[in-house]
There are 2 protein chains.
Amino acid sequence: MTQLDHTDATGEQTPKLGRKRDHTRDADILDAALEVLAETGYDGMTIDMVASRAKAGKGTLYRRWASKGELVIDAVACMKNSDIDLSRLPDTGTLRGDLIATIKSRSIEDGEKKLQIMAGLASMLSRDPELAEAANAAIVEPRATVHRMLMLRAVDRGEISADSDIETLSHITPSMVAYRSLIQRKTVDRAFLVSLIDGVLLPAVGLAHQVPSRVG
Amino acid sequence: MTQLDHTDATGEQTPKLGRKRDHTRDADILDAALEVLAETGYDGMTIDMVASRAKAGKGTLYRRWASKGELVIDAVACMKNSDIDLSRLPDTGTLRGDLIATIKSRSIEDGEKKLQIMAGLASMLSRDPELAEAANAAIVEPRATVHRMLMLRAVDRGEISADSDIETLSHITPSMVAYRSLIQRKTVDRAFLVSLIDGVLLPAVGLAHQVPSRVG
DNA sequence: TATATACGATACTATTGAGTTCCGGATCTA
DNA sequence: TAGATCCGGAACTCAATAGTATCGTATATA
């Protein structure tokens with residue numbers, strides 16, 4: 001949810017007289033907030049950092065958001081679906097082909113930044129359910145949704161059994177990527193993602209562990 | 001310039017005269033630090049909280065650790081292996097039996113607290129490699145090690161193929177547990193852990209997805 | 001027993017940062 | 001054009017907290 005159109009954070013309304021709020025500044029401020037969030041985490045982030053990065057005055061920020069917390073929630077919520085287009089999923093005819101096709105270097109890079117943001121928010125998630133929901137919807141679910149849809153399509157065409165635990169399996173890659181990046185602190189590269197597909201996901205849906213002979 | 005000539009946090013020396021340091025207080029302080037860490041996260045944790053929880057003076061803390069950061073690193077490092085005993089792994093004769101046997105309610109509870117601590121540390125991990133290493137060794141690796149050892153034993157007795165990607169698979173459960181608890185904010189219960197074993201791990205090592213007929 | 005040091009408790013200092021207010025200048029509506 | 005409100009910027013208030021110092025007391029060594 002974005003901030004309200006005609007009122008500011010404190011509930012003030014559009015002025016009948018005088019200059020109107022310049023909403024072209026909103027995106028700059030939210031982008032700056034996400035950058036600072038990724039670099040320093042929620043607690044390390046200061047309003048001054050965000051304001052100066054966006055070349056804005058602090059007053060401009062507080063005219064739009066009542067507090068640092070609301071700014072962060074809005075920033076996280078607004079990055080939803082910035083990089084994933086569900087209407088353009090790969091369709092190669094096989095589940096393995098589709099899964100491999102979702103691996104894009106741009107997708108990996110974009111994912112890394114979102115993971116940094118998630119790490120910076122982690123300690124807040126247990127204290128702010130609204131933030132947790134926004135972070136989940138913006139960072140995590142889009143990734144799982146891609147795999148879920150590809151697997152459901154594989155069920156439809158009879159490639160895999162409908163008994164497969166698709167809900168759990170669709171979260172394997174997002175989970176392992178977050179874990180490897182944030183906790184193990186190893187690089188997430190194509191080889192790792194392919195090994196998840198060939199060593200975990202496909203065997204788990206009954207597509208026997210095939211030595212992947214130059215298919216991907 | 002520190003005020004202490006004979007002992008200080010960075011280089012303790014036994015005094016030649018006078019009262020000796022009471023090292024029985026150390027564990028209380030470290031335990032208090034872990035509790036506060038789990039409840040409030042690194043940034044939310046204050047030295048006063050830790051001191052009062054441990055019924056200690058702040059001076060007592062600063063006599064032992066030079067800073068908040070060093071106290072936290074020490075606290076995390078000292079909880080290593082507090083709950084897992086690698087010399088007493090289950091041995092039921094089948095991989096499934098062993099994996100199911102590792103599910104204990106006490107293990108789940110203990111894991112939840114460690115996950116809270118990990119969440120509280122998350123934003124620090126990218127800035128402090130020493131802390132990241134301590135957290136990984138204390139919280140994450142012990143869990144993966146159990147699964148790794150059980151799977152290696154299954155290879156030894158010929159139950160599963162040596163081609164299995166055991167290194168990746170051993171991190172599936174720790175990863176999915178962290179993900180479900182911290183990000184999805186769903187409960188981690190026995191049913192979820194069993195579904196990981198039967199729906200992901202066993203199929204992935206070539207033990208066909210069997211409908212688990214009251215075996216566990 | 002005298003001395004040095006640890007202890008818990010508390011007061012203190014210095015810094016940081018959220019949020020507010022004010023400035024001079026720009027911009028929009030009446 | 002005039003007044004209201006925006007803008008970036010900077011100064012300000014106020015609360016929180018890391019870290020230091022001190023007090024009265026307890027305890028171990030010489």
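In what follows, chains are A, B, ... by sequence order, proteins preceding strands, each numbered from 1. Since we're looking at a predicted model, the values are computed, not measured.
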Result for 5'-nearest mapping on DNA chain C, choosing between Gly44(A) and Gly59(A), is Gly44(A)

Taking side chain as C-beta onward, heavy atoms only, is Val76(B) less than 4.5 Å from Leu37(B)? yes

Without decimals, in angstroms, what is the distance between Leu17(A) CG and dG3(D) P? 10 Å

Round to a whole Å and report the spacing from CZ of Arg53(B) to P of dA9(C). 15 Å

Report yes if a donor N or O on one partner sits less than 3.5 Å from an acceptor N or O on the other, where the partners are the side chain of Lys58(A) and the base of dG19(C); otherwise report no. yes

In whole angstrom, what separates Asp22(A)'s CG from dA4(D)'s P? 22 Å

So, is Thr46(B) close to the dT17(D) phosphate, meaning a side-chain N or O under 4.0 Å from OP1 or OP2? no

In whole angstrom, give the distance that lies between atom NE2 of His23(A) and atom P of dC6(D). 10 Å

Quick one: which of dC7(C), dT20(D), dC7(D) gets closest to the side chain of Tyr62(B)? dT20(D)

Are Ser107(B) and Arg143(B) close enough that a side-chain donor and a side-chain acceptor fall under 3.5 Å? yes

Can you tell me which nucleotide in dC7(D), dA18(D), dC7(C) comes closest to the side chain of Arg63(B)? dC7(C)

Would you tell me whether Asp22(A) and Thr24(A) have side-chain atoms, one donor and one acceptor, within less than 3.5 Å of each other? yes

Rounded to the nearest Å, what distance is computed from the CZ atom of residue Arg25(B) to the C1' atom of nucleotide dA6(C)? 12 Å

Using a 4.0 Å heavy-atom cut-off across all strands, classify Met45(B) as base, sugar-phosphate, or nothing. sugar-phosphate

From CG of Asp48(B) across to P of dA16(D) the rounded distance in Å is 12 Å

Just how far, in rounded Å, is P of dT15(C) from CG of Asp43(A)? 22 Å

Criterion side-chain contact (heavy atoms from CB on, under 4.5 Å) against Ile183(B), the qualifying member of Ile139(A), Val140(A), Leu121(A): Val140(A)

Ignoring backbone atoms, test whether Lys20(A) places a side-chain nitrogen or oxygen under 4.0 Å from the OP1 or OP2 oxygen of dC28(C). no

Respond yes when some side-chain nitrogen or oxygen of Arg64(B) is under 4.0 Å from OP1 or OP2 of dC7(C), and no when none is. yes

Spacing between Arg19(B) atom CZ and dA2(C) atom C1', to the nearest angstrom: 17 Å

Quick one: closest heavy-atom pair of His147(B) and Thr102(B), and the distance? NE2-OG1, 4.0 Å

